[in-house]
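Some notes on the structure that comes next.
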Amino acid sequence: METPLLVGLELRCPPHLFNTHSRPSSSLSIPALSLRILTPTAATTSSAVIELPANVAEAPRSKRHSNSYLARKSAISEVQRSSDFLSSLQRLATVLKVQDLNVILRDFGISGRWQDLIQLFEWMQQHGKISVSTYSSCIKFVGAKNVSKALEIYQSIPDESTKINVYICNSILSCLVKNGKLDSCIKLFDQMKRDGLKPDVVTYNTLLAGCIKVKNGYPKAIELIGELPHNGIQMDSVMYGTVLAICASNGRSEEAENFIQQMKVEGHSPNIYHYSSLLNSYSWKGDYKKADELMTEMKSIGLVPNKVMMTTLLKVYIKGGLFDRSRELLSELESAGYAENEMPYCMLMDGLSKAGKLEEARSIFDDMKGKGVRSDGYANSIMISALCRSKRFKEAKELSRDSETTYEKCDLVMLNTMLCAYCRAGEMQSVMRMMKKMDEQAVSPDYNTFHILIKYFIKEKLHLLAYQTTLDMHSKGHRLEEELCSSLIYHLGKIRAQAEAFSVYNMLRYSKRTICKELHEKILHILIQGNLLKDAYIVVKDNAKMISQPTLKKFGRAFMISGNINLVNDVLKVLHGSGHKIDQVQFEIAISRYISQPDKKELLLQLLQWMPGQGYVVDSSTRNLILKNSHMFGRLLIAEILSKHHVASRPMIKSRPEQKFRSK
DNA sequence: ATAGGGTTAG
């Protein structure tokens, strides 16, 4: 990190830039539940139904009921309005029933009074005024903001049968799904089943919803659907909606067609959502023929295409490369009032640009700007990408500048797009500004951000900064890209940052099952150059079969000369074991090192004893050297060992012709 | 008396 530019960069680039922006965790803890809390579910809920005059038609309300009802009503709103609701709560504790407190709890949840909600929940726990609904609502609202807190609440439920109540289970499972934690959701679900949960149609639908936008969601969904008969559950219209969305987001149009067929057979008529998903499944391949047929069928049963349906159709046409029809459809959307925001324009611009029609994309863009269509900056972002794709970096950079001043808010994708434009245009100052912006807006960099930056830093010869960024990328759990790492390793080697190069190699190795075999060779040269022979030995040991003979020879000699003497025999065995023919020079160096270090004489004896069995013998000069020093080892022993070298060499020549080659 | 879903943009 010595170059002035790097120092400058570091000053401008805050060290915490890539720190995860963790939210401060709530310091609230759940007090231990008092023993008298959980009145049996049935009693709580049924008494609520009886006492509330919900069914007006059944009997004329008595005055007493009415009064108590009114008193509770006013108590509820008093607590809701109170600036110090806990003290109102204390005062009205005798009037308010569990279900009233649940009403207040949900009200807090809806109006976003999170602290109050948690305080109320704790109060209810402490006063034993708690029911199944309390848990399910509380978990739902708390989970929307803080999953781990919701899990904590779920785990704190003392009663085993309450823990497997289907409403509560559905609530917590939904929290996990909504927070993108499908894996832990499925794990918890399996545990719940083992504990006795009887999942229902809502449970399965909740889990299925989690499969929509994850990879491998489709097979997971099929697995879940397979469990339905075992639990006596019939798919309903909602579930078909979810399943169709899964098919659509995985490009499974045939499967989507089958599900539509199946639901019709079971007597459900598809609605606009079901058709939308089916239509969306056609967008993958741009199957506009099927899409047109679908539109016809849908209209024939009296469903009117809405904005989403028409926008999805536009997507199909664009994917299918029907740009003239796409433009026509966009006009239809405009006249229907469905193009009041930038989205359909964005889709068309993007499709045109990806089809190499930058000028046509540009004209849609200008057209849209001319019409004063509402934009949040997506259109600019797409245009910037389009310009970069056509290598028009100057324009891309100018439009990025323009976007920065026009749009206050930008999301990660927009930031990445602008960052990329600045990097490609070589605008260092702007790159740093974007990084600062990300940090200030607490937007965590993603895989693309890291990739763009590392590539840029390498281009600008800021190799150590590229290295730091790679470390950061790896520690954030992003998969490293081999080509980029390989380039970085090469450059780090060139600037003699061998240890850093090795660290990149290791990160790549441990995040990927197989890496290109040239990379082992490349890192080996770098490590040898840096005299990091122990590391080089590890590389050889693990990958000897993928390394060329000349490189193994280079390593062997380097190790014999200055590697750790205690590992010399191990290295020779590994080299030989990989099929490498150890040359005489390596033995010579190893043996002279041993002789100069008499305390290693055991190692020398081991080596000399090992050699003949593998078809190696010492050459005459080495032999003389050993004999000259044989007093250190015991003359007789040496003589005996060396005699084997002599004897063994003859049959070896006969049986293994390559011996000639070896002793050269 | 609480829990679930589905369509569109970079």
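Below, chain A is the first sequence line, B the second, and so on; all start at residue 1.
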Stretch residues 324-362 of chain A: residues that reach within less than 4.0 Å of DNA chain B through a heavy atom: A/Met343, A/Met347, A/Asp350

Interatomic distance, A/Asn380 CG vs B/dG10 P [rounded to whole Å]: 15 Å

d(CD, A/Glu255; P, B/dG6) in whole Å: 20 Å

Rounded distance in Å - CE (A/Met124) to C1' (B/dT2): 12 Å

Donor-acceptor under 3.5 Å (A/Ser390 side chain, A/Leu387 main chain): no

Protein-nucleotide distance (A/Asn280, atom CG; B/dT7, atom P), rounded to Å: 8 Å

Touch class at under 4.0 angstrom, heavy-atom based, for A/Thr242 against every strand present: sugar-phosphate

N/O (side chain, A/Asn102) to phosphate O (OP1/OP2, B/dA1) under 4.0 Å: yes

Separation of atom CZ in A/Arg106 from atom P in B/dT2, rounded to whole Å: 5 Å

Expected output: side-chain A/Ser381 to main-chain A/Gly377 donor-acceptor under 3.5 Å: no

Pair listing, salt bridge (charged side-chain N to carboxylate O under 4.0 Å, His left out) test, anchored in residues 268-285 of chain A, at least two apart: none

A/Ile382 side chain, from C-beta outward: closest of B/dG10, B/dG4, B/dT7: B/dG10

Distance test, side-chain N/O of A/Lys307 to OP1/OP2 of B/dT8, below 4.0 Å: no

A/Asn416 (side chain) and B/dG10 (base): donor-acceptor pair under 3.5 Å: no

Contacts of A/Asp376 that satisfy salt bridge (charged side-chain N to carboxylate O under 4.0 Å, His left out) - sequence neighbours left out: none

Nearest-nucleotide pick for A/Ser131, side chain only, options being B/dA1, B/dT2, B/dG5: B/dA1

Exercise: do A/Asn231 and A/Glu227 side chains pair donor with acceptor under 3.5 Å: no

Options B/dG4, B/dA9, B/dT2, nucleotide nearest the side-chain atoms of A/Ser133: B/dT2

Pair A/Tyr204 + A/Phe189: ring centers closer than 6.0 Å: yes

Side chain of A/Lys140 (C-beta onward), nearest among B/dT7, B/dG5, B/dA3: B/dA3

Closest to the A/Lys213 side chain, choosing from B/dT8, B/dG10, B/dG4: B/dT8

Sugar-phosphate only, base, or nothing, as touched by A/Thr417 at under 4.0 Å among non-hydrogen atoms: nothing

N/O donor-acceptor pair, side chain A/Asp236 with base B/dG4, under 3.5 angstrom: yes

Between P of B/dG6 and CE of A/Met235, the distance in whole Å: 14 Å

Protein-nucleotide distance (A/Tyr378, atom OH; B/dG10, atom C1'), rounded to Å: 8 Å

Atom pair distance, as rounded to whole Å: CG in A/Asp200 and P in B/dT2: 15 Å

Nearest-neighbour nucleotide for the A/Lys178 side chain, B/dA1, B/dG10, B/dG4 considered: B/dG4

Sugar-phosphate, base or nothing in reach of A/Met414, heavy atoms under 4.0 Å: base

Sugar-phosphate only, base, or nothing, as touched by A/Ser237 at under 4.0 Å among non-hydrogen atoms: base

Sugar-phosphate only, base, or nothing, as touched by A/Val201 at under 4.0 Å among non-hydrogen atoms: base

Minimum-distance nucleotide to A/Ser174 side chain [options: B/dG10, B/dG4, B/dA1]: B/dG4

Contact summary for A/Leu294 and A/Leu278, nearest pair of heavy atoms: CD1-CD2, 3.7 Å

Residue A/Tyr167, side-chain atoms from C-beta onward, closest of B/dA9, B/dG5, B/dT2: B/dT2

Sugar-phosphate only, base, or nothing, as touched by A/Leu207 at under 4.0 Å among non-hydrogen atoms: nothing

Check: A/Asn341 side chain, A/Met343 main-chain N or O, donor-acceptor pair, under 3.5 Å: yes

Pair A/Arg327 + A/Asp324: basic N to acidic O under 4.0 Å: yes

